[in-house]
2 protein chains.
Amino acid sequence: MAFQTSTASTSSTSHTSSRPVSVQSPAGLAPLEAEAVELFVGLAQVVGLPKSVGQIYGLLYISTVSLSLDEVAERLDISKGSASQGLKFLRQTGAVQVCEENDSRCDRYLAETGLRALASGFLKEQIEPHLENGEGRLDRLKRLAATAPAAERAHVLQRVKQLENWHRRASSLLPLLIRFLGK
Amino acid sequence: MAFQTSTASTSSTSHTSSRPVSVQSPAGLAPLEAEAVELFVGLAQVVGLPKSVGQIYGLLYISTVSLSLDEVAERLDISKGSASQGLKFLRQTGAVQVCEENDSRCDRYLAETGLRALASGFLKEQIEPHLENGEGRLDRLKRLAATAPAAERAHVLQRVKQLENWHRRASSLLPLLIRFLGK
DNA sequence: GGGATAGTTCAATTATTCTTGAACTCTGGA
DNA sequence: TCCAGAGTTCAAGAATAATTGAACTATCCC
């Protein structure tokens with residue numbers, strides 16, 4: 001639950017040297033950024049996502065400007081590998097976007113901040129697949145239930161029916177949820 | 001994602017010997033039970049609960065009769081420790097109940113099968129705490145945002161306001177969800 | 001009390017998941 | 001063509017979480 005202890009970065013070109021606390025660009029997070037990152041790390045854990053994903057999204061969420069992969073990795077003090085994977089995931093779920101109007105050669109990222117987009121991306125990627133494969137499971141269960149010893153059959157079939165009911169409700173809940181969160 | 005590979009139990013008193021496949025009482029799961037257990041193991045993973053919790057609930061869910069801690073542990077081939085912890089959790093969230101009308105000395109368990117009870121127990125235990133401590137986080141963030149460099153202040157305050165909005169919505173969603181799933 | 005059964009706890013082990021970093025691909029100059 | 005920067009991949013290592021099993025407490029019955 002802690003959050004990465006901030007061992008300050010190693011190599012930083014030291015011109016002008018004096019930097020009070022709240023920096024605006026290079027490696028190391030300003031307190032505000034650190035707090036935002038921490039908040040999203042917590043959120044990530046709740047929904048079962050790796051910490052690095054929460055860190056990355058948190059940083060982009062609070063950032064005033066778009067950031068490149070390298071900047072993200074450096075500021076959060078995580079490897080390029082993690083940053084790459086995290087950003088890939090966030091792109092896939094629609095939680096970040098590659099910034100258009102780009103001067104530099106590399107991609108720059110911006111957080112998508114619409115709750116609807118975030119939630120629906122997450123639900124589609126993380127929940128829907130499970131609901132779908134649940135269907136197969138239920139079918140198998142139903143078939144097995146039909147062959148159960150007579151004494152138990154009624155009970156067991158009732159349970160399977162209840163599961164199917166749950167499944168139906170969960171399926172219908174998804175779009176409702178998205179609507180509730182939408183705009 | 002697999003589910004415990006079923007290494008059949010070691011010591012079983014072998015009278016009458018011939019047992020085709022679908023047994024009705026002692027250690028080892030009947031195919032129907034195994035399928036139910038597997039289904040709930042999957043569900044457990046989705047919501048971030050340990051596999052053993054899914055196994056235990058799955059077994060109790062499909063079971064026609066109440067089961068004791070020892071029976072649960074033996075049939076699932078898990079340790080008493082796991083069974084104890086898993087059952088404790090399930091009791092706390094209201095997903096299983098200690099069976100009244102009890103002949104034997106030990107406690108016997110029955111699955112609670114009302115979707116509303118299950119969902120609200122889960123949400124209360126697993127989600128609500130995070131929402132509450134989120135409040136503290138938001139406050140801290142707000143305070144930091146107020147001290148941000150002027151150039152960023154407006155942007156940052158806007159983001160914080162958005163987060164507060166999300167938080168409000170999530171809070172109001174919880175009771176709605178429970179209502180939707182209820183009865 | 002003494003012995004047996006039921007259940008809990010928790011340190012050590014085991015399993016799972018995340019992160020790293022080096023090797024790799026791709027692309028755009030020079 | 002060759003180089004340099006941007007980004008990806010994935011095996012190995014580190015970090016986390018779950019499970020075991022043995023020691024313990026509590027209770028019931030003789």
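A note on names: the letters A, B, ... follow the listed sequences, proteins ahead of strands, and every chain is numbered from 1.
- Atom-to-atom, OH of Tyr109(B) to P of dT8(C) comes out at 6 Å; the value is rounded to the nearest Å.
- Within the structure, a side-chain polar atom (N or O) of Ser82(B) is placed less than 4.0 Å from OP1 or OP2 of dT20(D).
- Between dG7(C), dG21(D), dA6(D), one nucleotide has an atom nearer to the side chain of Asp107(B) than all others, and that is dG7(C).
- The distance from atom NZ of Lys51(A) to atom C1' of dA15(D) is 9 Å, rounded to the nearest whole Å.
- Within 4.0 Å of Ser52(B), counting heavy atoms only, lie sugar-phosphate atoms of the nucleic acid but no base atom.
- With dG7(D), dT19(D), dA6(C) as the choices, the nucleotide that has an atom nearest any side-chain atom of Asp70(B) turns out to be dA6(C).
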Check your understanding: Would Phe89(A) and Thr93(A) satisfy side chain to side chain contact (heavy atoms under 4.5 Å, CB included), going step by step from the backbone distance to the final call?
Key -> CA-CA 6 Å; Phe89(A) 172 84; Thr93(A) 59; 3.6 Å; yes
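- Ring geometry, Tyr57(A) versus Phe40(A): the interplanar angle exceeds 60°, so the pair is classed perpendicular (tilted spans 30 to 60°).
- Nearest heavy-atom pair across Val46(A) and Ile127(B) is CG1-CD1, 4.4 Å.
- Rounded to a whole Å, the CG atom of Asp103(A) is 16 Å from the P atom of dG28(C).
- Note: the hydrophobic cluster containing Leu157(A) does not contain Val37(B) (ILVMFWY, side chain heavy atoms under 4.5 Å, direct or indirect links).
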Practice item. May I have the step-by-step check of side chain to side chain contact (heavy atoms under 4.5 Å, CB included) for Asn165(A) and Arg169(A), ending in yes or no? Key: CA-CA 6 Å; Asn165(A) 185 28; Arg169(A) 282 210 237 184; 3.6 Å; yes
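- For the 3.5 Å distance criterion, the side chains of Glu71(B) and Tyr109(B) fail to qualify, holding no donor opposite an acceptor.
- Separating the CG atom of Leu69(B) from the C1' atom of dT5(C) is a distance of 12 Å, rounded to the nearest angstrom.
- Side-chain atoms of Cys106(A) lie closest to dG7(D) of the nucleotides dG7(C), dG7(D), dT19(D).
- Along DNA chain C, the nucleotide nearest Gly81(B) and the nucleotide nearest Gly48(A) are compared for position; the residue whose nucleotide lies closer to the 5' end is Gly81(B).
- One interatomic measurement links the two molecules: CD of Glu74(B) to P of dG7(C), which rounds to 14 Å at whole-angstrom precision.
- With rounding to whole Å, Ile78(A) atom CD1 is found 22 Å from dG13(D) atom P.
- The two residues Ala170(A) and Leu131(A) make their nearest non-hydrogen contact at CB-CD2, 3.8 Å.
- Scanning residues 84-101 of chain B for heavy-atom distances under 4.0 Å to DNA chain C yields Ser84(B), Gln85(B), Lys88(B), Arg91(B).
- Relative to the side chain of Pro50(B), the nucleotides dG7(D), dA18(D), dG7(C) differ in distance, and dA18(D) lies closest.
- To the nearest angstrom, P of dA6(C) lies 10 Å from CD of Glu71(B).
- When distances run from any side-chain atom of Arg105(A) to the nucleotides dT19(D), dA4(D), dG7(D), the shortest one goes to dA4(D).
- Between the CG atom of Asn102(A) and the P atom of dA6(D) there is a distance of 11 Å, given to the nearest Å.
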